[in-house]
Amino acid sequence: MKIVFALFLAIFFVALAVNSGIANESGGESDAVEASVDTGETAEEEEKSVPFEVVEYRNFFGIDGRLLVWIVSQLHLMFAAFVLAVPLFVVIIEMIGAKTNQIKFDNLAYELTKLLSTAFATTAALGGLLAFALYGCYPGFMRYMTDVFHPYMYVYALCFFGEVFFLYAYYYSWNLLNKGMGKWVHIFLGVMLNVFGTTLMMLANSWATFMMAPAGIDMKTGAILSRSAAFFNFLWMPVNIHRIIANVAFGGFVVGAYAAVKFMGAKTEEDKAHYDWMGYIGNFIGLAAFIPLPFAGYYLGREIYSASPVMGNIMMGGAFSWTFIIQAILIGMLFVGGNYYLWNGMGRIKGAERYTPYIKYINIVIFFCFAVWLTPHNLPLSGEERALIGEQYHPFSKFFGVMAAKNAVVNLLILSTFFSFLLYKRANKGETKPFKSHGNTARVTMIITVGLTVMYLIWYAMGLKGQDLDAAVKPYLSPLLKCITIQIIALIGALFLTFANKGKLAQTLLFVVTVSISVVYFWYYGFVVMEKANMVLRFLSVTQVSIVISTLIVNTVIDVFLFKDAKEVGGIQWGKIPNRAQYALLLLCVAIVTLMGLMGFIRSGLRMNWHIYGYMQDKSAGAFTPSIAYMGWVVSLIVFLFLFMVAAVFWLAGLAGKKKSV
């Protein structure tokens, strides 16, 4: 060691001496040549100096900026969807536990919140990365967006702090505020977490929808005329509604997949029972939110078409039409997988054998709907194939490829899945109690439910009647008004039948009337209006949706009171579900993540080569609409990255401690 230290000192002093000599030499020489060097260096610096220019686009170490922003923003959106959705149903689960004094609900809510705390940090990190990517790769565009939205950006930052504060207050005060009034104070913290989280999402949505449907600016000069108009732009609310419902479905299926993995790795019967129950809750939340999602999607699509017919035509009839075939496959997988899980779950319920024969019929209906929904209008045919057929479209399948058929089958698909839910819910129930035995609360609830749905249908019918349409087209609205009238009569009839203790008959009446109108008749009438009054098709679709929703709402309330306090015919054997049902939960997770990635591409891709549609064009090298194959690779990469990251996040959350027993 002494020798090494001595060598180190020697080298150090030699180096110091050499440097000093060089410095002295440099100093001596510098005096001699100072004037000439100064003159030369100044000239050289002036020659090298380049005036500052505003850069509009940059790449990221050779990676196209658009691709980088695409991947980072989609990953951020997926994690954001999870941390937004989970608190929504965690608070409800905790409230159920507090109301019923069942500790298993409280433990489940706490376990899900533990996942949330870890995922939130990842979401925030991805959000920061996205901001850096946007400002780094698109400085010109972001400068304009900052000019338009800068007051809201401060609000966004404040909401972010609010969400962080209430998240950690909610998580860390769980044991402290666990009894009496403290529990409701804790639930209040959870509600505030949701308020800040939802506000945060709506703020960010205004920026994304402004890019699709700009408002409040001069479309020629870009001058800002009204910031509030830019914020409350035409597509803001449709996207808010669609995203909230989609996020809940997304969160539910991700939780279901987490439970499935835990179930298959569980070593004890107690753990299997716990994660079986958690998987059921996740699937229930996912499917319950997924049922109204096509309606919200249709509403958003219709509003996109209204905001820009060009964008609407591109979406439904242009390059993006094939992406909707992929979307149909994914949605069909979600419905099939969700129903398959429910049917497997019925195997662990004693008494469910009574309803097993219905499953095969539901199965046939779902696969028929699935097949019709994914059938494209025009097929990629060769010249020879087209010559053999004699036209561009297949003579038979072309009837299944248009909106009239697709609207009919998606409504039938939703009604079938809802019917599966009803069978599952009553699988363990035996003899029901008379409706009268539930008292005035049940009567008032039924009257309010039917009253609100009838009032909505009347309000919609009046709006339909007041439509300013061409005299030749307006008569085609009359059948829609008659169908609404029939549905109102059926709803009132169902109310009286329920009061007369014939709840099952009331539900059957509503199912029969709704299927006859919304599926059978509107399927036929859709082709009529497509041929003779295409403008009416959009009103027909909304009428179809309104009638189906009214049936779902009223039938749900009838079912609640029909089986309230009903005698149980056998217990549910949690943990006795086969592993194939867990694979269905994993499939649902992969399908919803892929669907989220695909729809993110479609929503942003509809702007094509526009940053802000109709005003600011994207002139970067990456401003092109990618091919289906390219899109598929990128979305697959995003799905892989998200699943890998979320698995790592859940693994880290599991290190924090073991779950409490139910």
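As the structure is a computational prediction, the values presented were derived from the model and not from experiment. Just so it is clear, the values below take in all heavy atoms, side chains as well, and ignore hydrogens, waters and symmetry mates.
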Could you tell me if [Y] and [X] have a donor-acceptor pair between their side chains, going purely by distance under 3.5 Å?
X: Tyr170; Y: Thr113; value: no
X: Ser420; Y: Tyr358; value: no
X: Asn411; Y: Ser518; value: no
X: Thr199; Y: Glu163; value: no

Taking all heavy atoms of [X] and all of [Y], pick out the closest pair and write down the distance.
X: Asn407; Y: Ser541; value: ND2-OG, 2.9 Å
X: Thr543; Y: Phe539; value: OG1-O, 2.7 Å
X: Ala289; Y: Val248; value: CB-CG1, 3.7 Å
X: Leu177; Y: Gly182; value: CB-O, 3.2 Å
X: Gly345; Y: Ile577; value: CA-CD1, 3.9 Å
X: Ser550; Y: Gln487; value: OG-NE2, 3.0 Å

Residues forming a side-chain hydrogen bond (donor to acceptor under 3.5 Å, both in side chains) with Tyr361, sequence neighbours excluded: none

Got a sec, which residues hit side-chain hydrogen bond (donor to acceptor under 3.5 Å, both in side chains) with Asn194, two or more places apart in sequence or on another chain? none

Hey, are the side chains of [X] and [Y] touching, using non-hydrogen atoms and a 4.5 Å cut-off?
X: Thr417; Y: Ile414; answer: no
X: Met202; Y: Arg243; answer: no
X: Ile362; Y: Trp343; answer: yes
X: Met446; Y: Val560; answer: no
X: Val91; Y: Leu193; answer: no
X: Tyr525; Y: Cys483; answer: no
X: Leu108; Y: Trp277; answer: yes
X: Leu77; Y: Met596; answer: no

Rounded distance (nearest 0.5 Å) linking atom [atom1] of [X] with atom [atom2] of [Y]:
X: Ile93; Y: Phe105; atom1: CD1; atom2: CZ; value: 8.0 Å
X: Asn240; Y: Leu203; atom1: CG; atom2: CG; value: 9.5 Å
X: Lys425; Y: Ile349; atom1: NZ; atom2: CD1; value: 11.5 Å
X: Lys183; Y: Trp174; atom1: NZ; atom2: CH2; value: 5.5 Å
X: Met237; Y: Asn205; atom1: CE; atom2: CG; value: 9.5 Å
X: Leu587; Y: Phe253; atom1: CG; atom2: CZ; value: 10.0 Å

Okay, side chain of [X], backbone of [Y]: is any donor-acceptor separation there less than 3.5 Å?
X: Lys474; Y: Gln467; result: yes
X: Ser173; Y: Leu176; result: no
X: Tyr341; Y: Tyr280; result: yes
X: Asp559; Y: Asn555; result: no
X: Arg354; Y: Gly351; result: yes

Measure up the [X] and [Y] rings against each other and bin them: parallel (under 30°), tilted (30 to 60°), perpendicular (over 60°).
X: Phe511; Y: Phe418; value: tilted
X: Trp236; Y: Phe231; value: tilted
X: His438; Y: Phe561; value: tilted

With [X], which residues qualify under side-chain contact (heavy atoms from CB on, under 4.5 Å), at least two apart?
X: Ser437; value: Lys433, Pro434
X: Trp459; value: Tyr456
X: Leu452; value: Ile448
X: Ala80; value: Thr123

Please test Leu342 against Leu287 for side-chain contact (heavy atoms from CB on, under 4.5 Å), starting from the C-alpha separation and ending with a verdict. CA-CA 10 Å; Leu342 283 177; Leu287 266 187; 4.1 Å; yes

From the options Gln582, Arg348, Lys576, Lys262, select the one residue that forms a side-chain hydrogen bond (donor to acceptor under 3.5 Å, both in side chains) with Asp276. Arg348

Please walk me through it: do Trp574 and Phe263 pass ring-ring contact (aromatic ring centres under 6.0 Å, His included)? CA-CA 11 Å; Trp574 293 112; Phe263 176 89; over 10 Å; no

Proximity of Phe284 and Phe421 rings by center, below 6.0 Å: yes

Less than 6.0 angstrom separating the ring centers of Tyr258 and Phe82, yes or no? no

Phe335 and ring pair (Phe, Tyr, Trp, His ring centres under 6.0 Å): which partner among Phe367, Tyr340, Phe290? Phe290

Step-by-step side-chain contact (heavy atoms from CB on, under 4.5 Å) determination, Leu112 to Val255: CA-CA 8 Å; Leu112 294 176; Val255 166; 3.7 Å; yes

Exceeds 12 heavy-atom contacts within 6.0 angstrom, atom [atom1] of [X]:
X: Phe496; atom1: CZ; value: no
X: Lys502; atom1: NZ; value: no
X: Met95; atom1: CE; value: no
X: Lys179; atom1: NZ; value: no

side-chain contact (heavy atoms from CB on, under 4.5 Å) between Val86 and Val254, worked out: CA-CA 10 Å; Val86 171; Val254 172; over 6 Å; no

Start with the C-alpha distance between Glu303 and Phe234, add both sets of side-chain angles, then the distance that settles side-chain contact (heavy atoms from CB on, under 4.5 Å), and finish with yes or no. CA-CA 8 Å; Glu303 295 305 286; Phe234 190 73; 3.3 Å; yes

